[in-house]
Amino acid sequence: MHQESSRTSYREKSFRGKDLTGYDFGFADIRGTDFSNAILTNANFSHVRTGLKKQWVFILSLGIVIVSILAGSLSAYAGAAIGDFLLSKPPSQITVSLGAIIGSTIFVFVVFAVFLVVIIRQGLGGDLGKFAVITAAVVGILISLLGADISRTIILFDLVIISIGIAGSLLGALALAVSIFIFGTYSVIFLVLCISFGAFLGTWETISFYLEIGGSWVEFLAVACLISVPLIGLSFYIGWKSVSENKKYSLIKSIAVHFCSLGGTSFRGANLIDADFNQAMLPYADFRKANLKRVSWFQSSKLEFAQVKGTYLEDVSIRHLVVSRKSQEQVYDDKNLRGLNLRAANLSGASFIGADLSEANLEGANLARAKLVKAKLYSTNLSYSCLTGACIQDWAISTDTRLEDIDCAFVFMRSPTQDNPDPWRKPDNRNEVFQKGDFTDFIAPIIKTLDLYRQQNLDPRQITIALKSLDLITTAALILRLQLLPSSN
């Protein structure tokens with residue numbers, strides 16, 4: 001391994017496309033450093049700190065201020081415009097019935113209330129889109145049926161204004177998420193001031209006009225707050241939920257992370273096979289399109305603020321698994337766990353039924369009582385791991401699956417049931433256990449058979465299919481071929 005001095009600052013340096021195989025960046029400051037498309041196999045990044053470029057912090061800070069002021073202005077303007085529309089007297093040439101105003105206003109406020117309930121309960125996912133489509137259809141039908149033109153105008157005006165306020169609310173949520181990501185939760189206080197200033201700007205002209213025509217500011221604020229206050233509150237609610245790993249608001253978080261990572265440490269497209277990020281702090285790092293095979297993430301932090309789209313780290317459960325390496329009794333059935341580094345992980349009792357663990361590093365892992373039914377373990381390193389009590393029914397191993405010095409007292413060849421808790425136990429005698437090296441000897445014939453398959457280009461699935469279908473002629477022919485061909489060498 002190439003050795004470099006630890007605790008060195010490489011902040012905002014560029015290593016784009018360079019071959020840094022085995023380099024030691026341990027404890028280094030790599031905020032804003034560019035490792036795009038670099039070769040970093042076996043590199044040491046333990047205890048490093050990723051982050052943003054200085055100029056990008058300034059740009060984001062300015063953007064947060066502008067966006068939060070705009071968000072407050074739009075949300076407050078929505079309430080002020082509706083308040084002014086409802087309370088101001090219409091021109092003398094327009095005749096408006098009280099029933100038209102009340103009925104149209106109630107309809108719009110009901111739609112607004114239902115929207116708030118949907119977005120709080122269901123988030124920003126597909127249900128919100130369905131609600132928007134249904135609302136548009138209902139409004140279209142209602143407007144076409146209304147005879148009075150003024151009722152149509154009131155509904156359309158109110159809905160357009162509320163839509164503007166909702167856009168402001170989402171902008172406020174985005175500004176809050178970015179602010180918390182960069183400056184922490186205390187930045188919310190400053191954000192409140194910015195949004196309040198924006199709200200003042202959004203209402204000043206409207207309320208000034210309303211007061212000039214003899215209106216009461218108490219009435220005006222009472223009506224305006226019915227719209228603006230819930231919208232501003234919604235922006236804080238969505239923003240806070242998005243940074244707390246709430247899947248319903250992951251859209252806001254993903255947008256915030258994207259903007260932050262644009263000026264962060266970039267590993268995009270890098271080859272990080274077998275790299276070490278143990279106990280590293282990794283906010284705003286960009287790992288998109290990087291090769292993360294067998295990367296060690298043990299006790300790393302701030303990965304939730306990193307750009308990991310398209311990698312296995314995108315799955316929260318897998319991210320927690322590789323960081324903590326503790327996952328007793330958890331379920332990972334049918335998951336793609338290919339190439340994970342779970343060295344010395346405690347996975348006792350975990351379920352990996354149908355999971356793909358190929359090329360993973362499970363050296364020294366505790367897999368006692370683990371369910372490895374139909375798990376793929378091609379080229380997986382299981383050396384020194386504990387398999388006592390594991391169920392290995394139909395597991396898929398290859399000639400390069402490493403099984404040296406396995407710690408195993410017994411295994412099960414079938415899944416346990418209530419009627420038969422110890423099915424096909426090996427060793428068969430429940431009073432016996434494998435001694436040191438016995439499990440390797442037990443599994444050796446299977447490895448030899450797999451090696452024959454490889455040498456003779458035979459598909460192991462042919463044997464399995466033949467046996468399951470009781471095709472004795474096909475099975476016998478395949479076995480005979482295996483026996484005869486090696487003897488001719």
Side-chain angles (χ1 to χ4, degrees), residues 317 321 325-338 340 342-451 453 460-461 463-470 475 479:
S317 63
L321 174 62
R325 296 189 185 174
K326 292 180 180 179
S327 192
Q328 303 97 309
E329 309 295 338
Q330 297 300 307
V331 177
Y332 299 96
D333 295 351
D334 299 313
K335 280 189 176 291
N336 183 1
L337 308 175
R338 193 180 188 92
L340 297 191
L342 298 173
R343 187 175 182 273
N346 187 353
L347 306 173
S348 60
S351 179
F352 297 99
I353 299 174
D356 187 355
L357 283 158
S358 300
E359 301 181 87
N361 183 0
L362 290 165
E363 182 180 359
N366 181 4
L367 289 162
R369 299 178 290 101
K371 299 178 181 66
L372 298 172
V373 179
K374 297 182 179 180
K376 297 178 182 177
L377 295 156
Y378 303 123
S379 303
T380 303
N381 185 1
L382 287 164
S383 301
Y384 305 100
S385 63
C386 175
L387 289 175
T388 298
C391 178
I392 60 173
Q393 177 182 349
D394 297 331
W395 70 344
I397 58 177
S398 59
T399 55
D400 50 0
T401 299
R402 297 186 58 184
L403 298 164
E404 298 90 354
D405 294 308
I406 295 291
D407 179 12
C408 181
F410 57 90
V411 292
F412 298 111
M413 306 303 291
R414 291 288 183 271
S415 298
T417 63
Q418 290 183 350
D419 296 333
N420 188 4
D422 297 331
W424 283 36
R425 181 188 185 275
K426 298 296 178 181
D428 297 316
N429 188 340
R430 295 186 180 182
N431 296 321
E432 294 181 0
V433 295
F434 286 129
Q435 301 300 316
K436 185 177 181 180
D438 284 353
F439 179 79
T440 303
D441 294 337
F442 166 73
I443 213 76
I446 299 176
I447 300 296
K448 291 179 180 178
T449 302
L450 291 172
D451 189 46
Y453 290 151
R461 290 173 297 180
I463 292 285
T464 303
I465 294 171
L467 286 171
K468 288 184 177 181
S469 63
L470 296 179
T475 304
I479 293 175

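Everything numeric here is computed off the predicted structure, so don't read it as measured data. When a residue number appears, it is its place in the shown sequence, counting from 1.
Residues that satisfy the side chain to side chain contact (heavy atoms under 4.5 Å, CB included) test with Glu329, not counting sequence neighbours, are Arg369. Partners of Asn336 according to the side-chain hydrogen bond (donor to acceptor under 3.5 Å, both in side chains) rule, which considers only residues two or more places apart in sequence or in another chain, do not exist here. Legend: residues meeting side chain to side chain contact (heavy atoms under 4.5 Å, CB included) with Asn366, ordered by chain and number and at least two apart, are Asn346, Ser348, Ala368, Cys386. Residues satisfying the salt bridge (charged side-chain N to carboxylate O under 4.0 Å, His left out) criterion with Lys335, sequence neighbours excluded, are Asp315. Partners of Thr388 by side-chain hydrogen bond (donor to acceptor under 3.5 Å, both in side chains), not counting sequence neighbours: none found. Applying the side chain to side chain contact (heavy atoms under 4.5 Å, CB included) criterion to Asp405, with sequence neighbours excluded, gives Tyr384. Under the side chain to side chain contact (heavy atoms under 4.5 Å, CB included) criterion, Ala345 pairs with Arg325, Leu342, Leu347, sequence neighbours left out.
For residues 408-429, every residue pair satisfying the ring pair (Phe, Tyr, Trp, His ring centres under 6.0 Å) rule, not counting sequence neighbours, is listed here: Phe410-Phe412. For the ring pair (Phe, Tyr, Trp, His ring centres under 6.0 Å) condition, the pairs that include at least one residue of residues 346-373, sequence neighbours left out, are Tyr332-Phe352. Residue pairs meeting the salt bridge (Lys or Arg N to Asp or Glu O under 4.0 Å) criterion with at least one member in residues 376-388, sequence neighbours excluded, do not occur. Under the salt bridge (Lys or Arg N to Asp or Glu O under 4.0 Å) criterion, the residue pairs touching residues 343-358 are Arg338-Asp356, Arg343-Glu363, with sequence neighbours excluded.
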Could you list the donor-acceptor pairs under 3.5 angstrom formed between side-chain atoms of residues 427-437 and any protein atom two or more places apart in sequence or on another chain?
from   : atom 1 : to     : atom 2 : distance (Å)
Asp428 : OD1    : Lys426 : NZ     : 3.0
Asn429 : OD1    : Asn431 : N      : 2.9

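Rounding to the nearest 0.5 Å gives a distance of 6.5 Å between CG of Leu321 and CG of Leu340.
Closest approach of Ile406 to Leu387, counting heavy atoms only: CG2-CD1, 3.9 Å.
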